[in-house]
Q: 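Provided herewith is a single structure, encoded as structure tokens, for subsequent inquiry.
Whatever order the structure lists ligands and atoms in, that order sets their numbers, starting from 1.
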Amino acid sequence: MERFYITTPIYYVNARPHLGHAHTTILADAMTRFNRLMGREVHFLTGTDEHGDKIVKAAEAAGKSPQEYCDEISAIFKDLWPKLGIENTQFIRTTDPEHKRLVQMALQQVYDSGDIYFGEYGGHYCFGCERFYTEKELVDGLCPDHKTKPEYIAEKNYFFRMAKYQQWLLDHIKANPDFIRPEQYRSEVVSLLESGALEDLCISRPKSRLDWGVELPFDKDYVAYVWFDALLNYLTALGWPDGEMMQRFWPAANHLIAKDILKPHAVFWPTMLKAMGLEPFQHLNVHGYWLIKDTKMSKSLGNVVEPLSLAGKYGLSGFRYFLLREMSLGHDSSFSEEALCGRFNSDLANDLGNLFSRTLAMTHKYFGGQIPQAGQGGPDEEELMMLAKDACLNYQRLFERFQTAKALDSLWELVRGLNKYIDTQAPWSLFKEQNGSRLATVMYCVLECMRKVAVHLWPVMPEAASAMLAQLGVAEDPASINLPAEAEGWGNLSAGTEVAKASNIFPRVEPPVADTPAEPAPKAKQADKPKAAPAAAPAPQGPKDPIDFEDFQKIELRVATVLEASPVPKADKLLLVKLDAGDGEPRQVVAGIAEFWKPEDLVGRQVVVVANLKPRKLRGVESQGMILAVKREGGLELLAPSAQVTPGSAVS
Ligand code: MSP
């Protein structure tokens with residue numbers, strides 16, 4: 001069996017987890033699930049990095065001992081991951097006694113082989129990065145990351161002969177083009193290695209300055225440099241040198257990091273492995289930063305976004321989908337809740353959610369809720385099957401390379417293609433025409449493709465994908481499904497299986513209210529009053545002419561979902577709105593709402609319609625009902641249920 005060992009950086013415990021940490025760990029979880037579905041044995045390691053200056057300072061500020069402080073923050077990380085649907089198979093702490101013992105063993109081994117020596121060094125030390133910078137690396141005399149002035153420190157220390165392995169590393173990177181990926185980071189490291197002599201790496205700190213670390217086994221006056229200690233976690237977790245996990249998972253390692261820690265992973269780590277006589281890891285996968293208004297999200301900048309509240313508002317699946325869909329591997333991404341809400345409503349509530357709710361409703365209406373037996377398909381079905389196969393294979397190919405954004409984009413070609421196929425095949429017309437065998441073929445094809453979509457989405461949104469599969473009557477545990485077979489195969493759904501009556505996995509979310517209040521509009525003079533503004537609703541007085549309950553019952557009110565909306569030619573105030581009102585075929589209503597609603601903002605929304613109004617023509621276009629709305633000063637609000645319901649549900 002092929003093996004896949006995925007790691008995240010071990011996070012510093014000087015800050016609580018934020019969206020940046022959550023994204024890396026969710027991506028690692030998605031890769032874990034994906035590789036399992038591809039038939040591989042997977043080990044997924046994450047953890048916390050607990051030694052060094054930063055941690056001591058943070059503990060002091062919190063009035064705690066370093067160990068007490070580390071225990072507290074490490075537990076916050078560890079407890080958060082399951083709440084985000086993350087199932088790591090191991091959690092390591094650098095204060096674990098076993099890790100410390102093995103770090104000492106590694107140090108001793110490299111020391112004995114002659115690759116660690118004692119020497120004097122003076123350099124520009126950045127406390128934020130916990131490393132020395134060379135003159136050349138500083139930008140205007142400042143640390144390139146923290147933009148602070150480093151302190152010049154001269155002291156005796158131990159050094160790792162990193163320079164000795166420079167040529168070997170360069171050759172290795174050139175011979176293995178995807179050792180570091182994506183390409184821009186590989187070329188960054190190649191030019192770093194080609195631009196001049198690599199310096200040896202200072203790997204100790206005198207205890208007189210810092211004693212919160214792993215003591216050097218060959219000099220008790222020193223502790224190990226935090227990076228030398230931290231990087232080794234990827235091996236100590238496996239029980240290096242001869243643990244059973246080591247045999248199974250080294251060198252099948254895929255490290256996942258953001259670009260902030262490229263050099264330690266791309267230069268320090270492979271040369272350390274070489275000095276220890278081990279094979280290098282398989283791939284270093286590098287992603288960009290989450291930015292808030294063009295600035296990296298980080299605790300020191302005070303602009304962090306807390307992951308749990310967003311997962312609460314948009315659901316775990318919506319939150320995970322956004323992170324993996326929005327960030328293209330290697331590029332920075334801007335975070336805003338507006339963007340999250342926009343993606344949620346367009347991709348999940350509209351495209352995917354509607355596909356599920358309309359198809360399940362039609363399966364109930366036309367086939368009593370059972371998956372029909374497909375007949376012989378024609379060219380349209382062949383085209384749909386090709387689309388499904390291509391979308392799934394592309395998805396798998398891209399996911400293999402951690403390209404989740406492009407992979408999801410490819411899967412959405414199928415989701416949108418399915419909605420289009422339904423619109424062009426018009427099952428409601430086939431039903432009316434009593435073309436039962438064609439109707440069965442069309443519905444089967446859609447349902448079978450929906451299964452493919454759900455299975456492929458499991459690594460990204462395990463909760464929602466499991467719900468989708470359950471709605472399709474799939475009894476298998478999603479974790480045991482074979483993905484390659486799902487892309488190529490056809491006919492996995494069995495005719496006669498019962499599907500769920502309704503689907504409401506992604507109810508639309510209202511856009512967030514902007515933090516900063518909009519500037520108050522200048523008071524309009526009487527003459528400037530916009531013509532379109534409707535009169536404010538009059539203060540309610542007593543009821544108008546009372547009617548009997550029986551009279552009220554004559555009005556059939558239903559909830560409907562907007563499928564499409566478009567302007568009515570030569571009528572500024574009217575929109576033609578196509579609705580799923582549970583009729584089994586779209587119903588069209590001409591509504592006088594064009595001054596207040598853009599067509600694209602309506603799609604996917606639920607509205608309340610008067611369903612039994614006699615059809616009438618407005619500007620030559622037939623209207624089959626009326627959408628209920630409330631006028632207010634400067635706008636018009638649509639009536640809707642407080643959560644999504646099955647289209648066609650009666651309002652009573
Ligand atoms: N402790 C070291 C890593 C040692 S690994 C042997 C460290 N820790 S950290 O807490 O600073 O975590 C850095 C990592 O957190 C990044 O590489 C990335 O995975 C994640 N991110 C932190 N902030 C981020 C963003 N603003 N954007 C994207 N990822 C972010 O470095």
Q: Begin from the C-alpha positions of R397 and E400 and carry the test salt bridge (charged side-chain N to carboxylate O under 4.0 Å, His left out) through to its verdict.
A: CA-CA 5 Å; R397 186 177 53 78; E400 288 280 7; over 6 Å; no
Q: Give the numbers and elements of all ligand 1 atoms closer than 4.0 Å to a heavy atom of W290.
A: 25 (C), 26 (N), 27 (N), 28 (C)
Q: What are the atoms of ligand 1, with element, lying closer than 4.0 Å to any heavy atom of Y289?
A: 27 (N), 28 (C)
Q: Are any of the N/O atoms on T24, whether in the backbone or the side chain, positioned under 3.5 angstrom from an N/O atom of ligand 1?
A: yes
Q: Under a 4.0 Å N-O cut-off, is there an ion pair linking K220 with E215?
A: no
Q: Would you mind checking if E183 and R186 are paired as a salt bridge, meaning a charged N to carboxylate O distance below 4.0 Å?
A: yes
Q: Should Y234 be listed as contacting ligand 1, given a heavy-atom distance under 4.0 Å as the test?
A: yes
Q: Closer than 4.0 angstrom, basic N to acidic O: yes or no for K100 and D229?
A: no
Q: Is there a polar contact, in the sense of an N or O pair closer than 3.5 Å, between M297 and ligand 1?
A: yes
Q: In the protein, what heavy atom is nearest to atom 3 (C) of ligand 1, and what distance, to one decimal place, separates them?
A: I10 O, 3.2 Å
Q: I'd like to know if A15 contacts ligand 1, where contact means a heavy-atom distance under 4.0 Å to any ligand atom.
A: no
Q: State whether R93 and D49 are salt-bridged, where the test is any N-O pair (Lys NZ or Arg NE/NH1/NH2 against Asp/Glu carboxylate O) under 4.0 Å.
A: no
Q: Would A258 count as being in polar contact with ligand 1, using the rule that some N or O on each side must be under 3.5 angstrom apart?
A: yes
Q: Could you list which atoms of ligand 1 come closer than 4.0 Å to a heavy atom of W227?
A: 2 (C), 3 (C), 4 (C), 5 (S), 6 (C)
Q: Are the charged groups of K263 and E188 less than 4.0 angstrom apart, N to O?
A: no
Q: Please could you name the atoms of ligand 1 that H287 approaches to less than 4.0 Å, counting only its heavy atoms?
A: 19 (O), 28 (C), 29 (N)
Q: Relative to the heavy atoms of D49, which atoms of ligand 1 are at a distance of less than 4.0 Å?
A: 1 (N), 2 (C), 4 (C)
Q: Counting only nitrogen or oxygen atoms and a 3.5 angstrom limit, does K296 reach ligand 1?
A: no
Q: Indicate yes or no: does an N/O atom of Y12 lie under 3.5 Å from an N/O atom of ligand 1?
A: yes
Q: Determine whether the side chains of Y125 and E155 contain a donor N or O and an acceptor N or O closer than 3.5 Å.
A: no
Q: So if I count the atoms of ligand 1 from 1 in the order they appear, which ones are less than 4.0 Å from some heavy atom of H18?
A: 22 (C), 23 (N), 24 (C)
